[in-house]
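Have a look at the structure below before the remarks.
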There are 2 protein chains.
Amino acid sequence: MVSMKDIAKRCNVSVATVSKALNGYSDIGKAKRDEIQAVAKEMGYFPNSSARALKTNRSYDLGILFADNLHSGLTHDYFAAILDSFKVTAESKGYDITFTSMNMVANRRMSYYEHCRYRGLDGVVIANIDFTTSEVLELVRSSLPVVTIDFVFDGRVAIVSDNVKGMKDLVDYAVSMGHRKIAYIHGDNNSVTRDRLSSFHRTLAEHNITVPDSYIKASRYRDGETTEKRMEELLDLPDRPTCVFMPDDFSAVGGYSAAQERGLHIPEDISIIGYDGIPMSQALFPKLTTLKQDTKQIGKKAAEELTSLIENPKTTLIEKILVDGYLLEGASVRRLN
Amino acid sequence: MVSMKDIAKRCNVSVATVSKALNGYSDIGKAKRDEIQAVAKEMGYFPNSSARALKTNRSYDLGILFADNLHSGLTHDYFAAILDSFKVTAESKGYDITFTSMNMVANRRMSYYEHCRYRGLDGVVIANIDFTTSEVLELVRSSLPVVTIDFVFDGRVAIVSDNVKGMKDLVDYAVSMGHRKIAYIHGDNNSVTRDRLSSFHRTLAEHNITVPDSYIKASRYRDGETTEKRMEELLDLPDRPTCVFMPDDFSAVGGYSAAQERGLHIPEDISIIGYDGIPMSQALFPKLTTLKQDTKQIGKKAAEELTSLIENPKTTLIEKILVDGYLLEGASVRRLN
DNA sequence: TGAAGTATCGAAAACGTTTTCCACAGTTTT
DNA sequence: AAAACTGTGGAAAACGTTTTCGATACTTCA
């Protein structure tokens, strides 16, 4: 590998001069600067990020923490999409992305925080399902720049998909289509679910619609089988709902299956509404009506906030940045009026 | 940050001794070693990966190169699953994972190879769709340890899903179910598709079954809409096939839609076969019969081969490592005999 | 008892940068 | 003509490690 020393030797200058020429310092003559840059390019020079990081305490490397209980890992559509968007805009700003999951060094397991320090990461984005573990808390309470997704910590900036508005839009839509008997199979018990659930109830209340307890079922996100079972229970109800909200698009397929196995047609016999707006939802038959979460925007904002936090620490903290989704009208909801 | 120097001062030893105590060298007394380790832990010491990498030329960081033409990025189920598995086993071996996509440094775009050198990556796994770009070639021809997925380069180790055997298994299955009129909507023109297509033809020939040209349709991977159109064309054929192979599970949903929109039932009226075995395929109704690619094994093998290449450069190269999948029998194929 | 061996530790160089401070020349101001 | 800038460049320290080589003290052996 060709280093600054090699260039310095070839140009008969010092390494300090080379550094200045290559990094756009002003106290250097134009002639020398041009010569050095030319030689550097010719010799195929590239800086060494380790040396640079060692000296400057800046790695231009961002961590992403992404661990969920079910270990769906990168196969989780929603987070994968956010991550991808995060990656794209972070890279455009000159940052690399490194995973900050569990790791070993010297036979000892490092905590997330330790891992970040070890790698000298400039900041980290947390896109977890479970934010309550002590390791996550250690990271959040540290001095490292942190941005969280869909979870709010005091004093930390969070990018959150507006689940309240999203659910309201969906309920409003279902009601506008004439539905009054609306059920909700919800996902795991976390802040996202609580937001959606309370918005579900509040919006129905605004429409003066009461929802029986039997219309609220607990399933789990991305769990088609469990959701299918809950759907069957709803379909077996004496006073069956006309429209059922699913935990998410993926498990909505379980809802489809439950209906189709009973010979019911969607949306003629039963209407179904999803959440997420993943590509698959529009490949289903009939196309799923769902709320498209703006994963691209979420990832982009996360990267922007994180880099701004890094490069400009005095920025006033807007703690919570809400990102709107939008309703994706498929053909899975029947018009009743 | 507490460094070795701090520990050395506190223990009245030199940094060299601290380094030895912490890294398990033999030329150090047990008493001192224990004391130093205790103090290190107490002071919350962690090594600095940049300094270490600078000195040793080993970063314990692996690159993953993952760029496709459609920019499906991390939302590509198949690659995301492989990546996740790669990540898990690489991490268990003490390596971190960094993305090696395009990147800027000093306002100049780096090539993949330059990027790897810049970050001092120990090796890189390439899981691309398109392996023919000059940048990928530059990387492959370099001296960096490289493992490729589903593509074979001379002198490089490749992990490839056995598409020949996979397709053979599927065709054998369809034939065993009594199907003779079998169509194939295939994906983009690349080596994977060519393997599957030739295996499709060869296996049918072994069964003395001829397939009309009109039964072979070109679509694109993960493209539900195009696949749906091709499926419609097949269904409109005067001599309609009884069983249709899809490019992949995701676009198979397009096949389902085409059939269901015509009021056809799966598998009673038309049988459908997918490829990949992604979770969604088993959430469909009816469950899709497909070939489950062993993404977990592929990712694991890739990580194992890459780390072994790094840590033990003299390993004899097994250039091509085939990974078997297995048939996932759903309910989307009707028994005709 | 002297020589040889062994165990333990440290000094110092090195990895490739960045950055501060100083030096020197030439130029402008008094 | 002295003083004060200005522009350009270099010396050297520093970042936190690893690693070689030598030094010292202590054992062991003949």
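We name chains A, B, ... by the order of the sequence lines, and we start the count at 1 in each one. Below, each value reflects all heavy atoms present in this structure, side chains not excepted, and no hydrogens, waters or symmetry copies.
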Whole-Å distance between D:dT19 P and B:Ile28 CD1? 15 Å
Kindly write out the residues that satisfy side chain to side chain donor-acceptor pair (under 3.5 Å) with A:Asp27, not counting sequence neighbours, or none if the list is empty. A:Lys20
B:Arg52 CZ to C:dT17 P, in whole Å, measures 21 Å
What's the angle between the local helix axes at either end of the helix from C:dT1-D:dA30 to C:dT30-D:dA1, using five pairs per end and rounding to 10 degrees? 50°
I'd like to check the side chain to side chain donor-acceptor pair (under 3.5 Å) partners of A:Asn57; sequence neighbours left out, ordered by chain and number. none
Quick one: side chain to side chain donor-acceptor pair (under 3.5 Å) partners of A:Thr132, sequence neighbours excluded? A:Asp130
Partner set under side-chain contact (heavy atoms from CB on, under 4.5 Å) for B:Lys55, not counting sequence neighbours: none
Output all residues satisfying side chain to side chain donor-acceptor pair (under 3.5 Å) with A:Ser143, sequence neighbours left out; order by chain, then residue number. none
Base, backbone or nothing for each nucleotide of nucleotides 10-15 of chain C, written B, S, -, heavy atoms under 4.0 angstrom, 5' to 3'? BBB-BB
Roughly how many Å is it from CZ in A:Arg58 to P in C:dG16, rounded to a whole number? 23 Å
Is the distance from the ring center of B:Phe99 to that of A:Phe99 below 6.0 Å? yes
Could you give the CD1-to-P distance, from B:Ile36 to C:dC9, as a whole number of Å? 8 Å
To the nearest 0.5 Å, how far apart are NZ in B:Lys93 and CD1 in B:Ile310? 11.0 Å
Can you check the B:Tyr45 OH to D:dG16 C1' distance for me, whole Å? 7 Å
N/O donor to acceptor pairs below 3.5 angstrom from side-chain atoms of residues 58-66 of chain B, sequence neighbours left out:
residue: B:Arg58; atom: NH1; partner: B:Asp122; partner atom: OD2; Å: 2.5
residue: B:Arg58; atom: NH2; partner: B:Tyr60; partner atom: OH; Å: 3.4
residue: B:Arg58; atom: NH2; partner: B:Tyr95; partner atom: OH; Å: 3.3
residue: B:Ser59; atom: OG; partner: B:Asp61; partner atom: N; Å: 3.2
residue: B:Ser59; atom: OG; partner: B:Gly120; partner atom: O; Å: 2.7
residue: B:Ser59; atom: OG; partner: B:Asp122; partner atom: OD1; Å: 3.4
residue: B:Asp61; atom: OD1; partner: B:Thr98; partner atom: OG1; Å: 3.1
residue: B:Asp61; atom: OD2; partner: B:Thr98; partner atom: OG1; Å: 2.9

Who passes side-chain contact (heavy atoms from CB on, under 4.5 Å) against B:Val2, sequence neighbours left out? B:Asp6, B:Ile7, B:Met43, B:Tyr45
For residues 295-304 of chain A, tabulate all N or O donor-acceptor pairs below 3.5 Å that involve a side-chain atom, not counting sequence neighbours.
none

Does a side-chain N or O from B:Tyr25 land closer than 4.0 Å to OP1 or OP2 of C:dT8, or not? no
Just the rounded figure in Å: distance from P of D:dG16 to CE of B:Met43. 13 Å
Taking NZ from A:Lys30 and P from D:dG9, how many angstroms apart are they, rounded to a whole number? 13 Å
Given atom CG of B:Asn23 and atom P of D:dT20, what is their separation to the nearest angstrom? 13 Å
Using distance only, find each side-chain donor-acceptor pair of residues 8-17 of chain A under 3.5 Å and give its atom names and separation, not counting sequence neighbours.
residue: A:Arg10; atom: NH2; partner: A:Glu42; partner atom: OE1; Å: 3.2
residue: A:Arg10; atom: NH2; partner: A:Glu42; partner atom: OE2; Å: 2.8
residue: A:Ser14; atom: OG; partner: A:Ala16; partner atom: N; Å: 3.4
residue: A:Ser14; atom: OG; partner: A:Thr17; partner atom: N; Å: 3.2
residue: A:Ser14; atom: OG; partner: A:Thr17; partner atom: OG1; Å: 3.0

Treating primed atoms plus P, OP1 and OP2 as sugar-phosphate and everything else as base, which nucleotides of nucleotides 23-28 of chain C get B, S or - for protein heavy atoms under 4.0 Å? ------
